[in-house]
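What follows is a short report on a single structure.
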Amino acid sequence: MSVFSDARTVPAGSTIETDLVIIGGGPAGITLALALAEKPIRILMLESGGTSFDDKTQALYDGTETGVHYTPLNATRQRYLGGGTNHWGGWCRPLDKGDFEKRSWVPHSGWPFARTELDRYYPRAASLVEAGPFDFDSNSKPWIDQFGAPLKLGAGGVYTSWFQFSKMRGSELPTNFGERYADDLKRLPHLTTMLHANVTNIALAQDANSVDHLDVATLTGRKFAVKAKHVVLATGGIENVRLLLASNGVMKQGIGNGNDLVGRFFMDNPIPRQTAKLVVFNGNLAPYYTDNQNGGGAIFRATLAPTDAFKRTSHVMGSLTTVENKVDLDDFGNAAVAATASALGVDASNAQAYALGCGMELKPEPDRRLTLTGERDALGMPRLRLHMSIGDEDFALYRQTMKELGRQLLVARTGMIHLDRSARESWLETLDWGNHHVGTTRMHNDPKQGVVDADLKVHGIGNLFVAGSSTFPTCGASNPTMNLLAVTLRLADHLKRVFS
Amino acid sequence: MSKGWKDSVARRPLLAAIGALVGIGVAGGALYEASGVLGIGRKSGAYEDLLAGLQDREDAAKVGQAVLTGDPHFHTGHAARALRVRIGKKTLSEVLAQDAVQGRIVETQGWVLPEAFTQLCALAAEAS
Ligand SMILES: Cc1cc2nc3c(=O)[nH]c(=O)nc-3n(C[C@H](O)[C@H](O)[C@H](O)COP(=O)(O)OP(=O)(O)OC[C@H]3O[C@@H](n4cnc5c(N)ncnc54)[C@H](O)[C@@H]3O)c2cc1C
């Protein structure tokens, strides 16, 4: 097949039969389709949008937000082929080993498998986002020879780690999955990608143990059904919830929601700006701290991260601090730097201050949640409301990590830290969000604590799986996309076994 | 100079207090302290032995002013005694690095600083 199929041309009232349906053509759906397409499995990927932005389709994402300010629900996502990668930033970093562990100080933490389970999928995930070689934490990198050593820190809880970036072509945006993989999607013989196909209902069999069929609608008013042996829901961390809750024909509380978990535990990475100032006494900071650099086949940037050991002993959450831009200090700051450096026996006549920013990890919180409202979209589906929150403790824990960084700089006599924010209002002033939608169909082996099991199968439903970061029980501080691709590749392996 | 210091001195015989200070083996410092207790030359030179380690005294005094404002109960005399014990024969930079290694850090107007340094700064502010 050399073109995409178009739902607007499917005969109304007809039923399409296939082996596997993937709902959603974002990076998760596309990755799954590509990973399975060499197998003799008939796959149909249903994508709501076309190949470019369309107002009416995007309006299907309208919703409401309450609580702490959050990106409007129709702006935090993109509803056409490629999904969020039509406007993402391309920041990539694997989750830490500790992110997968049960952390005594983080209620509801603990994945059903360890990070080692994903190790074999990460290199492929990195290549799909077109990052460089999968090496994020060793300091034996070619770019260190090229650009100079990382900032010297005393022994302690914060270390220099690395982001890599999805490939940017000149000034263009990072890898856009819809464009980048369009030819592959069209070429694969067992795969059909159908555009303008909105799944509006996942219809369960009467015994509620399996999906019977999907109802599909187009904005031109056409309706038809799709029947498949297995279904993977990959519509993103917000829309996955909407489809599960709205599909309440057989299970009144929604699919997979017998324990009232669907939509709860919403997480994102808060991104406060100007959290602190870093002063480097000798003024020398390798350029990879402040700007993306090219080297060793990767686009990369340094970040200051707490070690798993520090998180464990200090009960802090994950965070990834970036050095943003040079700043001037006020008189008091200049005095503090001059006096401290001289007392430490260090020359600070060339000292330079930088503003820091960060991405933080939130604790899973059941009341930070998505629910359906009485409002309906153009296809008759109930809209969503997001209740967003962030606790004072979240800021306080990040501050603790920054204080540790300050301590380590003093130990090494290389610099100092100024903590810019303490009151909640001050943190909220510059607070942005990563637009990372995590946790709303959480993975747990116990159906009372999770919506999907370790194979991403919805508890109690034999043939329905969920892909994407909604399945992550905790979010870590790392950006989700490369991680959700690794988890999706693992799902692909599982489905290969299911179909063989 | 804080009120608490005078109160505590008043509760004990003055000579015993001086004797105790000498007894901890930091005789030079204790004499400075004693002169402080006795109200002799407190401003001009009470902590000179300690402040001599500060090369940038003017800036340190600015930091110290913030330390004193942020902690109205800051006890200069206690701080000076403790510092003399801590510094002993070490250099100031060694003591500050040791503070950082051992996690003895404090926040002054948002700056993360070694504890001993902030105490010295407060003495510098007192003395200025
Ligand atoms: C501004 C911004 C910047 C970002 N930057 C980064 C970054 O730097 N690094 C990072 O890791 N992540 C980043 N992200 C997050 C990233 O975009 C998501 O993690 C990723 O897109 C999620 O992939 P997904 O396939 O699970 O869902 P999505 O990308 O949301 O894809 C879901 C797909 O399903 C389709 N769909 C929805 N509903 C239906 C339906 N009912 N029927 C059929 N199809 C449907 C949608 O049209 C869409 O194509 C960013 C996001 C935003 C908004």
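- At a 4.5 Å heavy-atom cutoff, the contact between R399(A) and chain B is made by side-chain atoms alone.
- E58(B) CD: 12 or fewer foreign heavy atoms inside a 6.0 Å radius.
- Considering CD of Q109(B) and CZ of F332(A), their distance stands at 4.0 Å, rounded to 0.5 Å.
- The candidate with the highest count of non-hydrogen atom pairs below 4.5 Å against chain B, out of R421(A), Q408(A), M416(A), is M416(A).
- Residue K97(A) qualifies as open at atom NZ: its count of foreign heavy atoms under 6.0 Å is 12 or below.
- One distance of note links CG of L344(A) with CZ of F117(B); it measures 7.5 Å at 0.5 Å rounding.
- Nearest heavy-atom pair across L410(A) and P114(B) is CD1-CD, 3.7 Å.
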Subject >> side-chain contact (heavy atoms from CB on, under 4.5 Å) assessment of V337(A) paired with W111(B) >> reply: CA-CA 9 Å; V337(A) 171; W111(B) 288 97; 3.9 Å; yes

Original post:
Hey, mind stepping through R407(A) and R104(B) against side-chain contact (heavy atoms from CB on, under 4.5 Å) and telling me if it holds?
Top reply: CA-CA 9 Å; R407(A) 188 191 70 75; R104(B) 282 200 292 260; over 6 Å; no

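- No other option in M402(A), K403(A), K277(A) has as many heavy-atom pairs under 4.5 Å with chain B as K403(A).
- Annotation for A336(A) and V63(B): closest pair CA-CG2, 3.6 Å, computed over non-hydrogen atoms.
- For H69(A), the NE2 atom is loosely surrounded, since the number of other residues' heavy atoms within 6.0 Å does not exceed 12.
- Atoms NE2 and CG, from H418(A) and L113(B) in turn, are 9.5 Å apart once rounded to the nearest 0.5 Å.
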Subject >> Test log, rule side-chain contact (heavy atoms from CB on, under 4.5 Å), inputs S93(B) and R413(A) >> reply: CA-CA 9 Å; S93(B) 85; R413(A) 302 178 207 211; 3.0 Å; yes

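- For the set G345(A), S422(A), A343(A), the count of heavy-atom pairs under 4.5 angstrom toward chain B peaks at A343(A).
- Atom CD of Q102(B) is surrounded by more than 12 heavy atoms from other residues, nucleotides or ligands within 6.0 Å.
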**OP:** Step by step, work out the side-chain contact (heavy atoms from CB on, under 4.5 Å) result for E107(B) and L419(A).
**Re:** CA-CA 8 Å; E107(B) 209 184 309; L419(A) 304 171; 3.4 Å; yes

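- When all heavy atoms of S342(A) and D56(B) are compared, the pair lying nearest together is OG-CB, 3.4 Å.
- The local environment of CG in D331(A) is sparse, with at most 12 non-hydrogen atoms from other residues, nucleotides or ligands closer than 6.0 Å.
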